[in-house]
K.L.:
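So that we are looking at the same thing, I have put the structure below in structure tokens.
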Amino acid sequence: MSGAFDLIIHSIATMLSVIAVGFVIVWFIQDVTQKKHSILRNYPVIGRLRYFFELQGKYFRQYFFANDRDEMPFNRATRAWIYKNAKNKGSLVGFGSTNDLRQPGSIIFVNAAFPIQEEDQLPTPSLHIGQGYCQFPFEARSIINISGMSYGAISKPAVRALSLGAAQAGCWLNTGEGGLAPYHLEGDCDVIMQIGTAKYGIRDELGNFSPQRAKELGKVVKAFEIKLSQGAKPGKGGLLPATKVGPEIAAIRGIPVHMDSISPNRHKDINNIDELLDKIHALRELTGRPVGIKTAIGGWNFINELCDSINRRGLDYAPDFLTIDGGEGGSGAAPQTLIDHVSLPIAEALPRVVDSLLQSGLKNRIYVIAAGKLVTSAEGAWALCAGADFVNTARGFMFSLGCIQAMRCHLNTCPTGITTHDERLQNGLVVEEKYLRVANYARNVNKEINMIAHSCGLQHARQFKREHVRIVETAGKSVALNILYPYPEPPQKNMN
């Protein structure tokens, strides 16, 4: 009996060896005869290891070689902080910080000698967006909120978990430019409808803006956001590959099934600032909802001209909020050149935009939302110090859903089920578990922003000023943000 068993094992091993040798011979012939790759022609079979390690290198670095604070776009320490807060496990560490405060750009908050005692601390006040200028103002309760991620770019269970988690945490959920899906409404959270350049979900059969559809949406969403550009790809529209455009997504967007969904690089019916302000005013009057703008910032002409035009035309034409996306934004796929080199980072864009609003007397009229790689409580507190009223993040909430930074968002092969429409991979994202992590992350970020405020001697986070934070310029030297970006002179009142 044992002899027969040994014979079977020996036969199987022989067959596998023959198959393996066969594969090596086939690869050898393929490599020496192909003309595209020099390495493979000169080093057949063995040269394939070079391409394997090149492809897998980022994963080896992520788990074995990169230090906790080295990796990009988000390092291991930041991801671990989000994971712990999403699981409600706290963010306590021991034996000191691994954050090198000698690095230029590091944030240091100015703690007070006598911080606020617990009995004197106040909850962060909510703000009413559009109050006095539209029929249905929007009460925004959370500092941290979910930035635009389209259904299509992210999966059905991801949208469902975000909606349910946002409702529990009291933050808003931005639809992204892909239109309003039923899953955005599932949790009964506050939804902001983004109007992208293709007007998905708010267009007619010809692809033009549909007033009738806008009125219908105005009954279920809290506000509208006209997207001019985003930090990941300013000057280029969104792209959803045909593999992700199934029947349901096609119906929501109003486009053909299984064809690439390509947005224009800008709105064809908005050619200048006056037309933009006309669109804002008309949409607000049509729906009764607040209307804002989302844009990346490349210089100061746009924001200065926008403020001048609003003051010339009147506050009824002003956007109710302005979402500033930094050049480091990018939850979706985009050309590397645009991601790396186009539009200002949020650290420079945000204070300059706020300065323009202050100088023109519009800061009390227009709320500012900061976006662009702001995923931690310290970054959120910095944004409030710089003059923002709210913080939007997409990738922070993706991490709370379980994102591992596999960087396959554009390939429909996301291993965590967040950015794929492969039902087998989506099965890994359990909505009933992940929505709790979304809510935990939002609540804990808000909580820690207030913790920083109390350390700075403030009763709540909306009292942050630029003097409460310092920015490291060189090793051993930091400068207060109000020195780096001095507050501008207030507008001169007309005495006539």
K.L.:
Could you report the tightest heavy-atom contact between Ala86 and Asn440, atom names first, then the distance?
P.N.:
O-ND2, 3.0 Å
K.L.:
Is there a side-chain contact between Met407 and Pro73 (heavy atoms, below 4.5 Å)?
P.N.:
yes
K.L.:
Looking only at heavy atoms, which two atoms of Leu180 and Met193 are closest? And how far apart?
P.N.:
N-SD, 4.0 Å
K.L.:
Please step through side chain to side chain contact (heavy atoms under 4.5 Å, CB included) for the pair Tyr200 and Ile252, ending with a clear verdict.
P.N.:
CA-CA 7 Å; Tyr200 292 136; Ile252 291 169; over 6 Å; no
K.L.:
Under a 3.5 Å distance rule, please check whether Glu275 uses its side chain to pair with a backbone N or O of Asn271 as donor and acceptor.
P.N.:
yes
K.L.:
Distance under 6.0 Å and angle within 45° of the ring axis: does Arg76 meet both against Phe399?
P.N.:
no
K.L.:
Show the nearest heavy-atom pair for residues Ala318 and Ile280, with the distance to one decimal.
P.N.:
O-CG2, 3.8 Å
K.L.:
Does the side chain of Glu139 pick up a donor-acceptor pair with the side chain of Ser126 at under 3.5 Å?
P.N.:
yes
K.L.:
Looking at Leu162, Asn174, Ile418, which one forms a side chain to side chain contact (heavy atoms under 4.5 Å, CB included) with Met149?
P.N.:
Leu162
K.L.:
Do NZ/NE/NH1/NH2 and the carboxylate oxygens of Arg466 and Asp355 come within less than 4.0 Å?
P.N.:
yes
K.L.:
Answer yes or no: does atom CG of Asp120 have more than 12 heavy-atom neighbours from other residues, nucleotides or ligands under 6.0 Å?
P.N.:
yes
K.L.:
At what distance, to the nearest 0.5 angstrom, does NZ of Lys279 lie from CD1 of Ile195?
P.N.:
8.0 Å
K.L.:
Which atoms form the tightest heavy-atom contact between Asp204 and Ser210, and what is the distance?
P.N.:
N-CB, 3.8 Å
K.L.:
Short question: side chain of Arg160, backbone of Val431 - any donor-acceptor pair under 3.5 Å?
P.N.:
no
K.L.:
In Å, rounded to the nearest 0.5 Å, how long is the span from SG of Cys403 to CD1 of Ile82?
P.N.:
9.0 Å
K.L.:
Of the non-hydrogen atoms in Ile144 and Asn446, which two are nearest, and what is the gap between them?
P.N.:
N-OD1, 3.3 Å
K.L.:
Check whether Asn85 reaches the backbone of Asn444 with its side chain - one donor and one acceptor, N or O, closer than 3.5 Å.
P.N.:
no
K.L.:
Side-chain contact test, heavy atoms from C-beta onward, threshold under 4.5 Å: evaluate it for Lys227 versus Ile293 and give yes or no.
P.N.:
no
K.L.:
Which of parallel (below 30°), tilted (30 to 60°) and perpendicular (above 60°) describes Tyr317 and His281?
P.N.:
parallel
K.L.:
Looking only at side-chain N and O atoms, does Asn111 offer a donor or acceptor that is under 3.5 Å from a partner on Ser455?
P.N.:
no
K.L.:
Do the non-hydrogen side-chain atoms of Phe224 and Ile202 ever get within less than 4.5 Å of each other?
P.N.:
yes
K.L.:
Between His454 and Pro115, is any pair of side-chain heavy atoms under 4.5 Å apart?
P.N.:
no
K.L.:
Hey, are Lys294 and Glu225 close enough for a salt bridge, meaning a charged N less than 4.0 Å from a carboxylate O?
P.N.:
no
K.L.:
Tell me, yes or no, whether the heavy-atom count around Asn364 atom CG, taken from other residues, nucleotides or ligands under 6.0 Å, exceeds 12.
P.N.:
no
K.L.:
Below 4.5 Å, heavy atoms only, C-beta onward: do Ile324 and Ile346 meet side chain to side chain?
P.N.:
yes
K.L.:
I'd like to know whether NZ of Lys363 has more than 12 heavy-atom contacts from other residues, nucleotides or ligands below 6.0 angstrom.
P.N.:
yes
K.L.:
For the residue pair Arg352 and Ile297, establish whether any side-chain heavy-atom pair is separated by less than 4.5 Å.
P.N.:
no
K.L.:
If you apply the rule side chain to side chain contact (heavy atoms under 4.5 Å, CB included), what do you find for Ile310 with Ile273, and how did you get there?
P.N.:
CA-CA 9 Å; Ile310 293 169; Ile273 287 176; over 6 Å; no
K.L.:
Would you say Arg313 and Asp274 make side-chain contact, with heavy atoms under 4.5 Å?
P.N.:
yes
K.L.:
Drop me the distance from Phe138's CZ to Asp190's CG, to the nearest 0.5 angstrom.
P.N.:
4.5 Å
K.L.:
Ignoring hydrogens and angles, tell me if any N or O in the side chain of Asn145 forms a donor-acceptor pair with the backbone of Trp172 under 3.5 Å.
P.N.:
yes
K.L.:
Would Ile449 and Thr124 count as a side chain to side chain contact (heavy atoms under 4.5 Å, CB included) if you check the C-alpha gap in whole Å, the side-chain angles of each, and the deciding distance to 0.1 Å?
P.N.:
CA-CA 10 Å; Ile449 289 175; Thr124 303; over 6 Å; no
K.L.:
Spell out, as yes or no, whether a donor-acceptor pair under 3.5 Å connects the side chain of Lys244 to the backbone of Ala153.
P.N.:
yes
K.L.:
Atom OG of Ser147 and atom CD of Gln194: how far apart are they, to the nearest 0.5 Å?
P.N.:
7.5 Å
K.L.:
Distance from Glu177 atom CD to Ser150 atom OG, nearest 0.5 Å?
P.N.:
5.0 Å
K.L.:
Taking NZ, NE, NH1 and NH2 as the nitrogens, is one of them in Asp316 or Arg284 under 4.0 Å from a carboxylate oxygen of the other?
P.N.:
no
K.L.:
Using modelled atom types only, decide if a donor and an acceptor are shared between the side chain of Arg289 and the backbone of Val221 within a distance under 3.5 Å.
P.N.:
yes
K.L.:
Quick check: does any side chain N or O of Ser163 sit under 3.5 Å from a backbone N or O of Val159, one acting as donor and the other as acceptor?
P.N.:
no
K.L.:
Does the side chain to side chain contact (heavy atoms under 4.5 Å, CB included) test come out yes or no for His460 and Gln463, once each step is laid out?
P.N.:
CA-CA 6 Å; His460 59 76; Gln463 294 176 339; 3.6 Å; yes
K.L.:
Pick out which of Asp389, Thr323, Asp325 makes a side chain to side chain contact (heavy atoms under 4.5 Å, CB included) with Ile369.
P.N.:
Thr323
K.L.:
Do Asp100 and Ser106 have side chains that approach each other closer than 4.5 Å (heavy atoms only, starting at C-beta)?
P.N.:
no
K.L.:
So which heavy atom on Gly187 is nearest to which on Leu164, and how close?
P.N.:
CA-CD2, 3.6 Å
K.L.:
Distance only, no hydrogens: is a donor on one side chain within 3.5 Å (strictly under) of an acceptor on the other, for Thr295 and Ser229?
P.N.:
yes
K.L.:
From Thr287 OG1 over to Gln135 CD, what is the distance, rounded to the nearest 0.5 angstrom?
P.N.:
9.0 Å
